[in-house]
Amino acid sequence: MILVTGGAGYIGSHACVALLSAGEDVVVFDNFSNSSPKALDRVQAICGKPLAVVEGDVRDQAALEKALSEHGCTAVMHFAGLKSVQDSVAEPLEYYDQNVIGSHRLLRAMRATGVRKIVFSSSATVYGTPQFLPYTEQHPLKAVNPYGRTKLVIEEMLRDQHVSDPSWGIAILRYFNPVGAHESGLIGEDPKGVPNNLVPFVAQVAIGRRDRLNIWGNDYNTPDGTGVRDYIHVMDLADGHVSALKLLDTPQCFAVNLGTGAGSSVLDVIRAFEAASGRPIPYDIKPRRPGDIDAYYAATDYATRLLGWKAVRSLETMCADHWRWQSSNPNGYA
Ligand code: NAD
Ligand code: UDP
């Protein structure tokens with residue numbers, strides 16, 4: 001049985017599909033602060049298999065211990081936390097509380113119940129300003145905002161824990177830019193309020209919820225002047241988690257990139273989404289967004305060697321699947 005914290009969220013719900021499809025049993029632990037229980041009904045419909053749900057906060061160690069022991073858990077996938085860079089600048093204490101204290105309580109609950117395997121959602125933001133590209137796992141770690149620093153502190157806490165007790169199995173997965181949705185169109189990303197991220201915003205323009213996209217800068221040092229990122233299909237990402245979990249049968253601690261290795265510009269994404277949706281994406285060029293980096297993308301060799309995993313879905317598939325979710329659920333889970 002795998003405890004999936006934040007399992008009702010965007011990436012967690014797709015990971016639940018991947019886990020159930022791989023024959024694992026799942027208990028989701030989520031406070032639904034940024035998700036809907038409906039996502040979990042849909043996960044069960046996709047897989048034709050039930051999962052257990054515990055409503056709770058990851059800062060509540062006693063609730064975690066109860067869930068881990070009552071469900072006989074052998075491993076944890078830890079997605080629960082806050083993820084907006086902008087909000088983390090405005091509310092750093094909230095970010096340290098939910099992300100760092102939440103992860104700390106989770107590790108203590110695991111230690112108390114003898115569960116020693118964890119797959120953790122880290123982020124490419126731990127690398128900070130690129131000193132070279134692609135980012136390899138050896139790139140210096142220097143997060144440049146509070147959100148990234150919470151991820152870095154958690155990574156260090158996990159590495160320290162492994163040094164103190166090498167019988168733990170710890171997989172730190174550094175995600176690049178997850179987009180897309182399960183091919184069924186039943187689950188997907190459902191941001192509250194105005195989306196910060198590119199693809200959810202583009203999708204809402206395509207469906208008519210927003211008039212136009214603002215492109216934050218076209219004077220970057222990139223082939224077409226717009227920002228370049230490594231977009232990865234959320235189901236490829238989810239499959240990467242299952243591969244990482246399998247390795248933890250042997251105690252070890254590793255940090256690995258989950259990306260495609262390919263960079264796409266904002267204009268590439270717009271063109272791919274227009275083709276997938278058959279809708280125009282009108283846009284305006286606006287000044288750069290503070291703190292944005294020209295370009296970054298992943299080195300993928302280590303993931304291929306270590307996990308025997310590779311992202312296989314194209315930008316076209318990411319947009320087609322994202323559009324299927326958006327067009328069949330114009331208002332998300334609401
Ligand atoms: P999400 O907000 O969709 O999912 C997070 C889930 O955790 C939600 O269901 C939310 O209700 C739950 N949650 C939040 N705080 C909680 C708490 N204190 N206790 C219990 N549950 C709580 O986010 P996501 O995009 O699925 O991201 C999942 C993880 O991946 C996060 O840790 C995020 O930082 C990390 N990550 C995301 C991205 C991305 O672009 N989406 C990139 C890199 C890393
Ligand atoms: N972007 C944009 N308009 C938006 C949102 C994003 O032009 O409304 C650009 C942003 O400047 C960056 C790219 O799209 O170059 C990806 O941004 P996102 O926020 O999705 O990911 P991140 O910057 O966190 O990697």
Side-chain angles (χ1 to χ4, degrees), residues 4-16 28-37 39-40 54-60 63-64 77-86 88 94-95 97-99 101-103 105-106 120-126 145 147-148 150-151 154 173-179 187-192 194-202 204-205 210 212-218 220 222 225-232 234 237-238 241 258-259 263-270 281 283-297:
V4 181
T5 76
Y10 172 45
I11 302 170
S13 57
H14 290 81
C16 287
V28 167
F29 188 95
D30 202 303
N31 66 0
F32 301 108
S33 60
N34 195 38
S35 56
S36 163
L40 299 176
V54 174
E55 184 166 353
D57 192 297
V58 280
R59 291 163 295 179
D60 183 347
L64 282 167
M77 279 194 189
H78 180 34
F79 298 95
L82 305 181
K83 62 167 180 175
S84 156
V85 170
Q86 268 173 310
S88 79
E94 194 57 25
Y95 271 67
D97 188 26
Q98 304 236 12
N99 292 1
I101 307 291
S103 300
R105 295 282 154 75
L106 173 63
F120 170 62
S121 305
S122 189
S123 163
T125 57
V126 297
N145 54 61
Y147 166 71
T150 67
K151 291 293 179 190
I154 300 162
L173 306 183
R174 296 183 181 143
Y175 308 163
F176 282 69
N177 288 53
V179 300
I187 57 172
E189 187 168 14
D190 184 18
K192 291 198 169 136
V194 182
N196 280 322
N197 294 116
L198 178 64
V199 172
F201 200 106
V202 166
Q204 292 193 2
V205 173
R210 313 210 173 262
R212 303 173 75 77
L213 171 73
N214 292 322
I215 296 185
W216 306 127
N218 67 349
Y220 282 107
T222 60
T226 64
V228 165
R229 297 289 183 273
D230 184 343
Y231 298 94
I232 174 170
V234 67
L237 193 72
H241 286 68
L258 295 187
S264 304
S265 72
V266 176
L267 293 174
D268 291 335
V269 170
I270 291 174
I281 309 293
Y283 61 80
D284 299 307
I285 305 291
K286 298 282 180 175
R288 292 180 179 201
R289 191 169 64 174
D292 263 3
I293 291 170
D294 300 54
Y296 64 84
Y297 40 92

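First listed ligand is number 1; within each ligand, the first listed atom is number 1.
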Exercise. What are the atoms of ligand 1, with element, lying closer than 4.0 Å to any heavy atom of S122?
Worked result: 43 (C), 44 (C)
Exercise. Among protein heavy atoms, which sits nearest to atom 28 (C) of ligand 1, and what does the distance come to when rounded to 0.1 Å?
Worked result: F79 O, 3.5 Å
For this session: Considering only non-hydrogen protein atoms, determine which one is nearest to atom 1 (P) of ligand 1 and report residue, atom name and distance to 0.1 Å.
Result: N34 ND2, 3.8 Å
Seminar exercise, completed: Here the atoms of ligand 1 under 4.0 Å from any heavy atom belonging to A8 are 9 (O)
Exercise. Which residue and non-hydrogen atom of the protein lie closest to atom 43 (C) of ligand 1, and at what distance in Å?
Worked result: Y175 CD1, 3.5 Å
For this session: Can you measure from CG (N145) to OG (S84) and round to the nearest 0.5 angstrom?
Result: 9.5 Å
Seminar exercise, completed: Here the atoms of ligand 1 under 4.0 Å from any heavy atom belonging to S33 are 10 (C), 11 (O), 13 (N), 14 (C), 15 (N)
For this session: Among all protein heavy atoms, pick the one closest to atom 17 (C) of ligand 1 and tell me residue, atom and distance.
Result: N31 ND2, 3.3 Å
Problem set entry | From CG (L82) to OG1 (T150), nearest 0.5 Å | 8.5 Å
Exercise. So is A80 polar-close to ligand 1, meaning N/O to N/O under 3.5 Å?
Worked result: no
Exercise. Atom 8 (C) of ligand 1: which of V28, N177, D30 has the nearest heavy atom?
Worked result: D30
Problem set entry | Test applied, side-chain contact (heavy atoms from CB on, under 4.5 Å); reference residue, F201; option that passes from L198, V199, V205 | V205
Exercise. Mind checking whether Y95 and Y147 have parallel, tilted or perpendicular rings, split at 30° and 60°?
Worked result: perpendicular
Exercise. What's the spacing between I101 CD1 and D57 CG if we round to 0.5 Å?
Worked result: 11.5 Å
Seminar exercise, completed: ligand 1 atoms nearer than 4.0 angstrom to some heavy atom of F32 are 11 (O)
Problem set entry | Under 4.0 Å from ligand 2, counting heavy atoms only: the protein residues, by chain and number | N177, N196, N197, L198, L213, N214, I215, W216, G227, R229, Y231, V266, R289, D292, Y296
Exercise. To the nearest 0.5 Å, how far apart are OH in Y220 and CD1 in I215?
Worked result: 11.5 Å
For this session: Take every heavy atom of H78, measure it against each atom of ligand 1, and state whether any distance is under 4.0 Å.
Result: no
Problem set entry | Atom pair SG/NE2 of C16 and H241 - distance to nearest 0.5 Å | 10.5 Å
Seminar exercise, completed: the protein heavy atom lying closest to atom 3 (O) of ligand 1 turns out to be Y10 N, 2.9 Å
For this session: Could you tell me if any non-hydrogen atom of A124 lies under 4.0 Å from any atom of ligand 1?
Result: no
Exercise. Are P178 and ligand 1 in contact, using a heavy-atom cut-off of under 4.0 Å?
Worked result: yes
For this session: Just go through T5, V85, I11 and tell me whose heavy atom is the nearest to atom 27 (O) of ligand 1.
Result: I11
For this session: Taking the side chain as every heavy atom from C-beta outward, state whether N214 and R289 have any atom pair closer than 4.5 Å.
Result: no
Exercise. Is there a side-chain contact between R229 and Y296, using heavy atoms and a 4.5 Å cut-off?
Worked result: yes
Exercise. Quick one: which ligand 1 atoms are inside 4.0 Å of a heavy atom on S123?
Worked result: 43 (C), 44 (C)
For this session: Mark up the atoms of ligand 1 that fall under 4.0 Å of a heavy atom belonging to S121, in ascending order.
Result: 29 (C), 30 (O), 32 (O), 35 (C)
Problem set entry | atom 19 (N) of ligand 1 - nearest protein heavy atom and its distance | V58 N, 3.0 Å
Exercise. Would a distance-only check, ignoring hydrogens and angles, find a side-chain to backbone donor-acceptor pair under 3.5 Å from R174 to S123?
Worked result: no
Exercise. Can you list the steps and then say if F32 with L40 is a side-chain contact (heavy atoms from CB on, under 4.5 Å)?
Worked result: CA-CA 11 Å; F32 301 108; L40 299 176; 4.1 Å; yes
Problem set entry | For K83, the option from N99, N34, T125 that meets side-chain contact (heavy atoms from CB on, under 4.5 Å) | N34
Exercise. Does F29 reach ligand 1 with a nitrogen or oxygen that is under 3.5 Å from one of the ligand's nitrogen or oxygen atoms?
Worked result: no
For this session: Mark yes or no for whether K151, through its side chain, and S121, through its backbone, hold a donor-acceptor pair below 3.5 Å.
Result: yes
Exercise. Of the backbone atoms (N, CA, C, O) and the side-chain heavy atoms from C-beta on, which set of E189 has a member under 4.0 Å from an atom of ligand 1: side chain, backbone, both, or neither?
Worked result: neither
For this session: Within a distance under 4.0 Å of any heavy atom of Y147, pick out the atoms of ligand 1 and give their elements.
Result: 33 (C), 34 (O), 35 (C), 36 (N), 43 (C), 44 (C)
For this session: Kindly compute the distance separating CG (D294) from OG1 (T222), expressed to the nearest 0.5 Å.
Result: 7.0 Å
For this session: In sequence, state the C-alpha distance, the side-chain angles, and the governing distance for I11 and Y175, and then conclude on side-chain contact (heavy atoms from CB on, under 4.5 Å).
Result: CA-CA 10 Å; I11 302 170; Y175 308 163; 3.6 Å; yes
For this session: For the pair I187 and H14, evaluate side-chain contact (heavy atoms from CB on, under 4.5 Å) and give the outcome as yes or no after the intermediate values.
Result: CA-CA 8 Å; I187 57 172; H14 290 81; 3.6 Å; yes
Exercise. So which protein heavy atom does atom 4 (O) of ligand 1 come closest to, and at what separation?
Worked result: G9 CA, 3.4 Å
Exercise. When you measure from atom 24 (P) of ligand 1 to each heavy atom in K83, E94, H14, which option holds the nearest one?
Worked result: K83
Exercise. Short list, please: which atoms of ligand 1 are under 4.0 Å from a heavy atom of G56?
Worked result: 19 (N), 20 (C)
Exercise. side-chain contact (heavy atoms from CB on, under 4.5 Å) between Y10 and V234: does it pass, once the steps are laid out?
Worked result: CA-CA 9 Å; Y10 172 45; V234 67; 3.6 Å; yes
Exercise. So which heavy atom in the protein is nearest atom 15 (N) of ligand 1, and how far is it from that ligand atom?
Worked result: Q98 OE1, 3.4 Å
For this session: State, yes or no, whether a side-chain contact exists between N197 and P191 at a heavy-atom distance under 4.5 Å.
Result: no
